[in-house]
**Q** 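Structure in structure tokens, see below.
Note that the structure is predicted; figures quoted are calculated from it, not measured. Chain A is the first sequence line, chain B the second, and so forth, proteins listed ahead of strands; every chain is numbered from 1.
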Number of protein chains: 2
Amino acid sequence: MQKTILLVEDEEAILEMLEMILQQADFSTLSANTAEQAQEILAEKTPDLMVLDWMLPGISGVELARRLKKKPELKKLPIIMLTARGEEDDKVRGLEIGADDYMTKPFSPKELVARIQAVLRRTSPNNNQPLLQQGVFQLNTDKHILTINNQILDVSPLEFKLMQFFMQNPDKVFSRSQLLDQVWGRSVYVEERTVDVHIRRLRKVLAEHGCKEAIQTVRGFGYRFSAPADQ
Amino acid sequence: MQKTILLVEDEEAILEMLEMILQQADFSTLSANTAEQAQEILAEKTPDLMVLDWMLPGISGVELARRLKKKPELKKLPIIMLTARGEEDDKVRGLEIGADDYMTKPFSPKELVARIQAVLRRTSPNNNQPLLQQGVFQLNTDKHILTINNQILDVSPLEFKLMQFFMQNPDKVFSRSQLLDQVWGRSVYVEERTVDVHIRRLRKVLAEHGCKEAIQTVRGFGYRFSAPADQ
DNA sequence: CGTACAATGTCATGGCATTGTCATATAATT
DNA sequence: AATTATATGACAATGCCATGACATTGTACG
């Protein structure tokens with residue numbers, strides 16, 4: 001099905017270029033020049049993804065993103081930030097705003113399309129599958145609840161995302177960098193070792209429910225999730 | 001296996017810094033001060049990725065990138081552009097060149113490495129088959145599992161890679177140095193006799209599952225893998 | 001406004017599997 | 001039997017991973 005992308009960008013030339021690139025890649029597009037316009041559009045329609053310029057006259061892109069993340073109905077809308085050279089600041093970059101990815105201008109059309117598809121891939125399975133079931137494990141995306149044999153697990157947001165990704169790809173081995181890409185997102189730069197730590201925390205929770213073996217270490221390669229059989 | 005990065009940058013200080021950062025991150029590097037030098041290097045060697053300064057004396061980085069994209073053999077070489085703040089005026093130009101990523105100077109070493117790895121992951125997709133089947137043997141690269149008659153074998157990372165190579169090339173004889181090249185990788189220096197030891201370890205595991213004969217010694221030449229017929 | 005707590009990222013440490021090498025035994029070839 | 005090639009067992013070095021502790025940041029709550 002054709003996905004809809006909302007473009008928010010004040011420079012008319014770039015906006016038109018974005019429209020062209022995305023329509024070429026078989027997306028349908030909505031366009032706004034300002035954050036205010038974007039909000040009007042969002043009041044009526046829900047696109048599958050938003051490409052948002054960092055700097056906008058009036059309400060900035062950063063500010064818009066922040067506001068949207070507070071609205072439950074738009075919280076899940078994936079955002080790709082556009083920044084121009086020099087606007088970057090180590091602190092501002094990344095998850096702080098809750099963007100799923102960001103790109104610096106200038107960028108190649110190919111890359112833009114690739115990143116959009118990557119983000120959609122990462123975020124859209126949820127919509128198709130609000131309920132993931134793997135053996136004794138059950139993960140409810142909407143309610144944000146993870147259970148083993150109907151017992152609720154107390155996990156952090158990140159642990160939840162990790163489990164979600166694992167349950168979408170059972171039995172497959174993922175390297176630490178793959179996990180960082182897929183779970184943390186491309187816009188964050190964290191140490192690979194950090195993955196170990198979160199796996200450990202997750203294992204600890206799982207162990208309390210007798211599923212110590214669910215996440216396996218594949219030495220030299222990464223980690224794998226295999227759900228114990230239902231009982 | 002170690003990847004090679006070609007660095008093209010006219011400022012000697014920055015070049016040296018790049019070399020240091022990348023070697024630290026276990027890349028091997030090639031360096032050029034000018035686009036001309038870069039072309040000479042590219043005539044002989046094909047790196048896995050190029051980090052290219054936007055502005056260069058003589059032929060500029062933009063121009064070099066454009067030329068390379070026209071050569072079929074170098075078309076696929078991933079490029080990360082380096083730009084200084086303030087050089088970003090021409091946004092549209094970047095769209096045409098087809099660089100895979102951009103970085104603004106100054107940048108953090110961590111980010112550079114992360115971006116290089118991200119680009120490499122994106123551009124070198126797994127061209128290996130996810131499932132290899134040879135008689136009773138089955139090797140799943142996704143799940144990272146090796147089985148004989150559906151019984152899982154417990155093998156080390158290196159043994160797994162060895163088996164993967166053998167199963168991709170059944171019934172062929174390989175010399176020890178060929179195996180070292182293909183399985184260990186070119187950049188490592190290891191005694192040829194070491195291959196013997198690993199063959200032995202592998203045989204031991206296979207013997208536990210009744211496949212003692214799967215790896216055969218070809219005296220004076222090397223080793224060959226032949227899968228016993230399915231049963 | 002400050003305190004407390006939860007979440008996350010990073011580091012140092014120690015243990016253990018993996019790996020490379022060698023010395024020696026065994027097998028094949030002449 | 002002598003020579004060469006391979007197999008085997010033992011050992012040391014290395015590298016990878018689990019773990020605990022700590023710093024930082026964000027957030028809820030008084």
Side-chain angles (χ1 to χ4, degrees), chain A residues 66 69-70 75 89-98 144 146 153-163 173-177 179-180 183-185 187-208 212-224, chain B residues 1-2 25-26 108-111 113-114 144 146 153-163 173-177 179-180 183-185 187-208 212-224:
Chain A
R66 193 168 285 144
K69 286 299 167 191
K70 285 187 181 155
K75 204 172 177 177
D89 175 31
D90 278 323
K91 287 206 61 179
V92 187
R93 189 177 296 149
L95 280 191
E96 191 185 344
I97 353 122
H144 226 266
L146 173 65
L153 302 196
D154 183 29
V155 292
S156 76
L158 188 56
E159 284 157 13
F160 188 85
K161 273 205 273 186
L162 242 184
M163 274 307 292
V173 175
F174 295 95
S175 70
R176 289 168 179 74
S177 57
L179 290 172
L180 287 176
V183 179
W184 274 254
S187 52
V188 212
Y189 301 107
V190 259
E191 293 291 322
E192 294 210 343
R193 296 272 125 241
T194 301
V195 177
D196 299 27
V197 179
H198 285 280
I199 292 287
R200 181 186 138 253
R201 287 168 182 163
L202 201 42
R203 274 178 177 161
K204 193 178 169 193
V205 178
L206 301 186
E208 288 165 9
K212 212 165 50 175
E213 317 296 338
I215 299 180
Q216 297 140 17
T217 304
V218 181
R219 189 169 244 270
F221 293 90
Y223 297 98
R224 167 176 52 210
Chain B
M1 206 183 53
Q2 220 183 12
D26 199 36
S108 78
K110 203 160 90 179
E111 184 184 356
V113 172
H144 222 272
L146 173 66
L153 303 196
D154 184 28
V155 293
S156 79
L158 189 58
E159 286 156 14
F160 189 87
K161 277 201 270 187
L162 243 184
M163 276 306 293
V173 180
F174 294 96
S175 70
R176 289 170 179 74
S177 64
L179 289 172
L180 285 175
V183 179
W184 273 255
S187 51
V188 223
Y189 179 72
V190 177
E191 291 290 323
E192 292 211 342
R193 294 279 124 231
T194 302
V195 177
D196 299 26
V197 179
H198 285 279
I199 293 287
R200 182 192 134 245
R201 287 169 182 162
L202 201 42
R203 276 177 176 159
K204 190 178 170 193
V205 178
L206 302 187
E208 289 166 9
K212 215 166 46 176
E213 316 297 337
I215 298 179
Q216 297 137 19
T217 305
V218 181
R219 197 186 165 84
F221 292 93
Y223 299 97
R224 167 179 51 209

**Q** Considering all heavy atoms of both residues, which atom of B:L146 and which atom of B:M163 are nearest to each other, and what is their separation?
**A**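 That closest heavy-atom pairing would be CD2-CG, 3.8 Å.
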**Q** Could you give the CG-to-C1' distance, from B:L158 to C:dG20, as a whole number of Å?
**A**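 Those two atoms, CG and C1', are 10 Å apart.
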**Q** What residues, two or more places apart in sequence or in another chain, satisfy ring pair (Phe, Tyr, Trp, His ring centres under 6.0 Å) together with A:Y223?
**A**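 By the ring pair (Phe, Tyr, Trp, His ring centres under 6.0 Å) rule, A:Y223 matches no residue at all.
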**Q** Expected output is a numbered-order residue list: members of residues 190-203 of chain A with a heavy atom under 4.0 Å from any atom of DNA chain C. What is it?
**A** A:V190, A:E191, A:T194, A:V197, A:H198, A:R201
**Q** My understanding is that only residues two or more places apart in sequence, or in another chain, count here; which of them pass ring pair (Phe, Tyr, Trp, His ring centres under 6.0 Å) with B:F160?
**A**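 Applying ring pair (Phe, Tyr, Trp, His ring centres under 6.0 Å) to B:F160 gives B:H144.
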**Q** What is the distance from CZ of A:R176 to P of C:dG9, rounded to the nearest Å?
**A**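 From A:R176 CZ to C:dG9 P: 15 Å.
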**Q** Rounded to whole Å, please give me the gap between NZ in A:K204 and P in C:dA6.
**A** 12 Å
**Q** Rounded to the Å, how far apart are A:F160 CZ and C:dT8 P?
**A** 13 Å
**Q** If you measure from CG on A:L206 to NZ on A:K212, what distance do you get to the nearest 0.5 Å?
**A**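 NZ of A:K212 is found 12.0 Å from CG of A:L206.
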**Q** Contacts to DNA chain C from residues 216-224 of chain B, heavy-atom cutoff under 4.0 Å, which residues?
**A**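 Going residue by residue through residues 216-224 of chain B, the ones with a heavy atom under 4.0 Å of DNA chain C turn out to be B:R219.
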**Q** What residues form a side-chain hydrogen bond (donor to acceptor under 3.5 Å, both in side chains) with A:S177, not counting sequence neighbours?
**A**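 Once residues adjacent in sequence are excluded, the partners of A:S177 under the side-chain hydrogen bond (donor to acceptor under 3.5 Å, both in side chains) criterion are A:S175, B:R121.
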**Q** Side chains of A:V183 and A:L158, heavy atoms from C-beta outward: is any pair under 4.5 Å?
**A**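 Heavy-atom side-chain distance check passes, below 4.5 Å.
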**Q** Test of understanding: with side-chain hydrogen bond (donor to acceptor under 3.5 Å, both in side chains), list the residues that count as partners of B:R201, not counting sequence neighbours.
**A** none
**Q** Using only atom types and a distance under 3.5 Å, with no angle test, would you say the side chain of A:R203 pairs donor to acceptor with the backbone of A:I215?
**A**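 Pair found, side chain donor or acceptor close to backbone of A:I215.
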**Q** For C:dG9, take OP1 and OP2 only and decide whether either is under 4.0 Å from a side-chain N or O of A:W184.
**A**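 Yes, because at least one side-chain N or O of A:W184 sits under 4.0 Å from OP1 or OP2 of C:dG9.
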